[in-house]
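Worksheet: one structure, shown below.
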Amino acid sequence: MKIVIADELPASAVALLRAEPGWSVDARSGRSPEDLAADLADADALLVRSATKVDARLLAAAPRLRIVARAGTGVDNVDVAAATGRGIVVVNAPGANSISVAEHALALMLALARSVPAADRAMKDERWEKRRFLGTELRGKTLGVAGLGRIGQEVAQRARAFGMRVVAHDPFISTEVASGLGVELLSLDEMCATSDYVTLHLPSTPETRHLFDDERFSRCKRGLRLINTARGDLIDPDALHRAIDAHIVASAALDVFESEPPKNWALAKLPQVIATPHIAASTEEAQELVGLETAAAVRDFLRDGVVRNAVNFPSLAPEVFQRLQPWIRLADRLGAIVSQMGTARIEAIGIRYYGALAETAASNVLASSVAAGVLRPILSGGVSLVNAAAAARDRGIEIVESRSSRARHFTSLVSVKLHTSEGERWVEGTIFEPSTPRLVSVRGVEVDAPLGGTMLILANDDRPGVIGDVGTILGRHGVNIANFALGRGEHGVIGVVNVDEEASSAPTLDAAVEEIRRLPAIREARIIRFQT
């Protein structure tokens, strides 16, 4: 296993990865893009901070890469779409610096309220200007929090300790969570119109770029004090300059800028603006914790398959992953079976969960696993849990999940139905303890077969001698039968044969199946191979 660390990380984070036996860790910062691309040719993981730009070209130079980890909040310097297209997991460390950023936001808020930088500058110039620096209390003021995620929640808790009224705008936070924090949820315009202070804690997206522009500032309470420790492009800098000139914004505290360092320093130099050089997360505690959390996420993914803090895939806690892992493998194999049961245009993938499995909150992971199993045999290039759903959408394949409380013969069951231009293909499976995936139904006919190795799925008329004929042909071609399961249905017999293909060659098995297809009683014979 090879891990490349392209930017500076704490020694403890590097040591955590080097402690894994057999792992090679290449930790060097300051490499040129060409040198980094060369070093990634055989790498499994890449760790960066904000200096290294992980674009599509760099990813193309890393055919084995499985995970990109950014030690920090956000992934602005990572082409997530390109990584997702390649099936590469992208993770970050969203919560590790929450306290540091929240404390810096409060520090800036207090500095605005009491003109701390200007007063300090006057003292250093030997000017005693006590009357000039009349401040205001935070107590009794209204703070608007734009983005009530981890950092926003930490800010809200601290602001309430100062006696502030806290309102927030976040369409993805429930009223129950907000109420628990003592925060009132408002629309963005309502929040801006009622807030004495507004602090920004939003991600950088096309929808949030220049969220605070001339129109937004025109809707703000006059005399607003604005704090931004999130992303520079949330604010149109020219619009902010105009809002300050018009006395709509009394003052602003900015830790982040659209380009860093700023190409135009005019805004940072205004006397109404307090500016810091993107240091909100720059504390000893945060840097150590961010590095360790990022390294641990990479280690857990490469060693155990556990996905945490992913931005392009649902994250699972280790205990949830351990519980779901057999079902993830089962879902992938059920998808592979229906994919190889014929050739036709795929229109939709239907997945239904029965029993206890229907109650899991991580079923979308299983749906992605089914989609990966369906698409992997028919697409060139890697298809994984990360990009399977996107690959299906790109091809106009709908994924439909459903749940049923109807009692079945098993504690939990996964049913997969592939809708194609030539009809439906339907299989079901479950897990036998401790963690053995089993195929229990094909086209509604009950069977019992292990899901592994190479399988033959046969449909034939219910007449004597068919099993013997199939066994004779396989034996004559040197194909060993590991398991033979039969199920009878209303329209005939379904046979599932597990064979040891490793003991023979693929052409030999293919030839045997061609001969089986010529048997009068055989309606259909399919070879199912599971890829990884």
Problem - Polar side-chain atom of Ser369 near backbone of Val365 as donor-acceptor pair, under 3.5 Å - result: no
Handout entry: Qualifying residue for side chain to side chain contact (heavy atoms under 4.5 Å, CB included) with Thr229, from Leu200, Ile279, Leu108
Key = Leu108
Practice task
State whether Arg150 and Glu154 are salt-bridged, where the test is any N-O pair (Lys NZ or Arg NE/NH1/NH2 against Asp/Glu carboxylate O) under 4.0 Å.
Solution key: no
Exercise for the section: Salt-bridge test for Lys124 and Asp120: reply yes if a basic N is under 4.0 Å from a carboxylate O, no otherwise. Expected result: yes
Problem - Exercise: do Thr84 and Asn312 side chains pair donor with acceptor under 3.5 Å - result: yes
Practice task
Taking Arg216 for its side chain and Leu211 for its backbone only, find out whether a donor-acceptor pair lies under 3.5 Å.
Solution key: yes
Practice task
Report yes if some heavy atom in the side chain of Phe212 is under 4.5 Å from a heavy atom in the side chain of Asn228; otherwise report no.
Solution key: no
Exercise for the section: Find out whether Asp79 and Val90 are in side-chain contact, i.e. whether some heavy atom of one side chain is under 4.5 Å from a heavy atom of the other. Expected result: no
Handout entry: Cationic N near anionic O, under 4.0 Å, Asp332 to Arg376
Key = yes
Problem - Asn77 side chain to Thr52 backbone, donor-acceptor under 3.5 Å - result: yes
Problem - Pair Arg209 + Glu258: basic N to acidic O under 4.0 Å - result: yes
Handout entry: NZ/NE/NH1/NH2 to OD/OE distance under 4.0 Å, Arg127 and Asp125
Key = yes
Handout entry: Within-4.5 Å side-chain heavy-atom neighbours: Ile227 and Val155
Key = no
Practice task
State, with a plain yes or no, whether a side-chain heavy atom of Leu106 is found less than 4.5 Å away from one of Phe162.
Solution key: yes
Practice task
Could you please spell out the steps behind the side-chain hydrogen bond (donor to acceptor under 3.5 Å, both in side chains) verdict for Glu285 and Ser100?
Solution key: CA-CA 8 Å; Glu285 296 86 349; Ser100 295; 5.4 Å; no
Handout entry: Considering all heavy atoms, the nearest Val166-Arg160 contact
Key = CG2-CG, 3.5 Å
Exercise for the section: Apply the test side chain to side chain contact (heavy atoms under 4.5 Å, CB included) to residues Lys221 and Asp196: give CA-CA distance (whole Å), side-chain angles for both, the deciding distance (0.1 Å), then the verdict. Expected result: CA-CA 7 Å; Lys221 183 177 181 180; Asp196 302 293; 2.8 Å; yes
Exercise for the section: Determine, step by step, whether Glu20 and Met1 satisfy the side chain to side chain contact (heavy atoms under 4.5 Å, CB included) criterion, reporting the C-alpha distance in whole Å, the side-chain angles of both residues, the deciding distance to 0.1 Å, and the verdict. Expected result: CA-CA 9 Å; Glu20 293 298 319; Met1 200 79 70; over 6 Å; no
Problem - Test log, rule side chain to side chain contact (heavy atoms under 4.5 Å, CB included), inputs Met164 and Met109 - result: CA-CA 12 Å; Met164 301 186 81; Met109 198 182 308; 3.9 Å; yes
Practice task
Give a yes or no on whether the backbone of Leu59 and the side-chain of Arg86 come within a donor-acceptor separation of less than 3.5 Å.
Solution key: yes
Practice task
Verify the distance criterion only: is there a donor paired with an acceptor across the side chains of Asp255 and Thr276 at less than 3.5 Å?
Solution key: yes
Exercise for the section: Return yes if some donor-acceptor pair links the side-chain N/O of Gln153 with the main-chain N/O of Leu148 below 3.5 Å, else return no. Expected result: yes
Handout entry: Atom CZ of Arg57 with >12 non-hydrogen neighbours under 6.0 angstrom
Key = no
Handout entry: Closest heavy-atom pair and its distance - Arg18, Val25
Key = NH2-O, 3.3 Å
Problem - Electrostatic pair Arg28-Asp35, nearest N-O below 4.0 angstrom - result: no
Handout entry: SB check Lys2 Asp44 (cutoff 4.0 Å)
Key = no
